[in-house]
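Below is one structure, written out as structure tokens; the observations come after it.
Scope of the values below: all heavy atoms of this structure, side chains included, with no hydrogens, waters or symmetry mates. None of the values given here were measured: they were computed from a predicted structure. Read the numbers this way: they start at 1 and go in the same order the structure lists the ligands and their atoms.
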Amino acid sequence: MRAWAAEGLALVCALCCALARGSEDIVVGCGGFVKSDVEINYSLIEIKLYTKHGTLKYQTDCAPNNGYFMIPLYDKGDFILKIEPPLGWSFEPTSVDIHVDGINDVCTKGGDINFVFTGFSVNGKVLSKGQTLGPAGVQVVLRNAGSDINIQATVTQPGGKFAFFKVLPGEYEIFASHPTWMLKESNTVVRVTSSNAYAASPLIVAGYNVSGSVRSDGEPMKGVMFLLFSSSVTKEDVVGCNISPVDGFQSRDESLSYLCNVVSKEDGSFSFLSLPSGKYTVIPFYRGERITFDVAPSRLDFLVEHDSLQIEPVFHVMGFSVTGRVLNGPEGEGVADATVTLNNQIKVKTKADGSFRLENITTGTYTIHARKEHLFFDTITVKIAPNTPQLANIIATGFSVCGRISVTRFPDTVKQISKYKVTMMPQDKDKASLFTTETDPHGAFCFKAKSGIYNVQVRMSFRFFIAGLS
Ligand SMILES: *[C@@H]1O[C@H](CO)[C@@H](O)[C@H](O)[C@H]1NC(C)=O
Ligand SMILES: *[C@@H]1O[C@H](CO)[C@@H](O)[C@H](O)[C@H]1NC(C)=O
């Protein structure tokens, strides 16, 4: 049914009065205006009459020129008159309850029921940088262009959409803000004319805060470094972390590019201030002067979407790696291929420069022993703890001095001898440190001695030659 023209009202009323006289049924018209101070298209608005229980009884459009509407009623009772405008258009009221008694109600008395237009909607989006969606919870305010008074405020919905309602035609500015997240684009404009309007451009969140924590033996751990990598995000887009390279760290995965690092605080927490949406990998790295701690997990992948992120699980400092060196003298050279044992359990070999590395050690007192042919080392007892990171050089305290006695010719009168007594004495003639040994059946002998200059003698009553002294 089309909208009734205002001029038709008198006719309808005359008709209703005529009918009412003949029966219990009444016919009254419930009419009024959709009013607006600004230009709106009245033909887009519908007025609907529902019963108390929500059944649609009647519906009509408004007159395009002045917003007039008229709905005929054939029964007494309770009804609800509703305005149903296009989505985003606001009116006051949005519905009116009518109790039609045929005597005192507004319809019977011929009063107007008016709906007043209060504004259009303004829609927009807050997006995560480089994404087609955005975060919930960003505050967005609307101001008249050039003013710094907020006329409306709202927050974004999941996905980043926001809307203002009851906005009358005009020029506006929109500002977005968040207590933690940094915005790359924080303002835009919108012009409202005769329908719902859209923000001229999206607002952009540059990044989100991401944090995690690290513990050791249940206690918060300070000073653990966390290196951040990504194959999709670039250095320029991350904020609030140290982008300088890390000494002594070697990445095992070349596909990841290093972005930056942060260090855990007193309470064991670490945080990246602003990371754009994307995929990341974090690798813990904890190194004292000589000790590298083993932190588990040793790497963790995470995804930043449209929100702050708490990295799970908590990192744990498991044990630590200790490096040391085996030397052939106090200022000596590294001893390659020596075997270093820790508590007779863990065994490692030294590298060409004499260095070695013991992994996943926990705090405790250990006996360390080094072994290498022809070299002698004292067994060292040492307390290893994260706060006493120095593992002293393991220095050879003795060397094998070996030789062989070879007698080219025995005098005819002497019978063949197969064992000789050999002595070795420091040149400084300190008698207390005289070493004595016997050769084996082939004439070979060895001494264990500290470094120094010695005289070696074979106790014989005749002449002989020593060969192959080493
Ligand atoms: C009002 O809306 C109707 C229905 O969509 C349309 O046909 C008409 O052109 C509109 N009038 C104006 C002035 O925009
Ligand atoms: C992000 O920062 C806010 C404010 O500093 C803080 O309350 C929140 O815990 C942080 N969230 C994460 C996951 O780091």
Return the residue, atom name and 0.1 Å-rounded distance of the protein heavy atom closest to [atom].
atom: atom 10 (C) of ligand 2; answer: Asn209 ND2, 2.5 Å
atom: atom 4 (C) of ligand 2; answer: Thr180 OG1, 3.4 Å
atom: atom 1 (C) of ligand 1; answer: Asn41 ND2, 1.3 Å

| task | Answer yes when Lys166 and Glu92 have at least one side-chain N-carboxylate O distance shorter than 4.0 Å, and no when they do not. | result |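 Salt bridge: yes.
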
| request: With Arg143 as the cation and Phe175 as the aromatic partner, state whether NZ or CZ is under 6.0 Å from the six-membered ring centre and within 45° of the axis. | output: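 Ring-cation test returns yes.
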
| query | Are Lys82 and Tyr50 in a cation-pi contact, defined as NZ or CZ under 6.0 Å from the six-membered ring centre and within 45° of the axis? | reply |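 Yes, a cation-pi geometry.
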
| query | For Lys235, does the NZ atom have more than 12 heavy-atom neighbours from other residues, nucleotides or ligands under 6.0 Å away? | reply |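 Yes, NZ of Lys235 has more than 12 neighbouring heavy atoms, counting only those of other groups under 6.0 Å.
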
| message | Quick check on Lys372: does its NZ atom have over 12 non-hydrogen neighbours (other residues, nucleotides or ligands) under 6.0 Å away? | response |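 It does: Lys372 NZ has more than 12 such atoms within range.
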
| Pick one: which of Glu305, Lys184, His306 meets side chain to side chain donor-acceptor pair (under 3.5 Å) with Ser128? |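 Per the side chain to side chain donor-acceptor pair (under 3.5 Å) rule, the option paired with Ser128 is His306, out of Glu305, Lys184, His306.
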
| task | Output yes when a protein non-hydrogen atom is found under 4.0 Å of atom 14 (O) of ligand 1, and no otherwise. | result |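 Neighbour list for atom 14 (O) of ligand 1 includes protein heavy atoms (cut-off 4.0 Å).
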
| With only distance considered, is Ser211 within less than 3.5 Å of ligand 2 through an N or O on each side? |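 Between Ser211 and ligand 2, an N or O pair is found under 3.5 Å apart.
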
| field | Residue Leu309 vicinity, atoms of ligand 2 by number, heavy atom under 4.0 Å | value |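 Selected atoms, number and element: 13 (C).
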
| said: Suppose I only count heavy atoms of Leu44 and a 4.0 Å limit; which atoms of ligand 1 are within that range? | reply: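 Contacts of ligand 1 toward Leu44, numbered from 1: 2 (O), 4 (C), 5 (O).
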
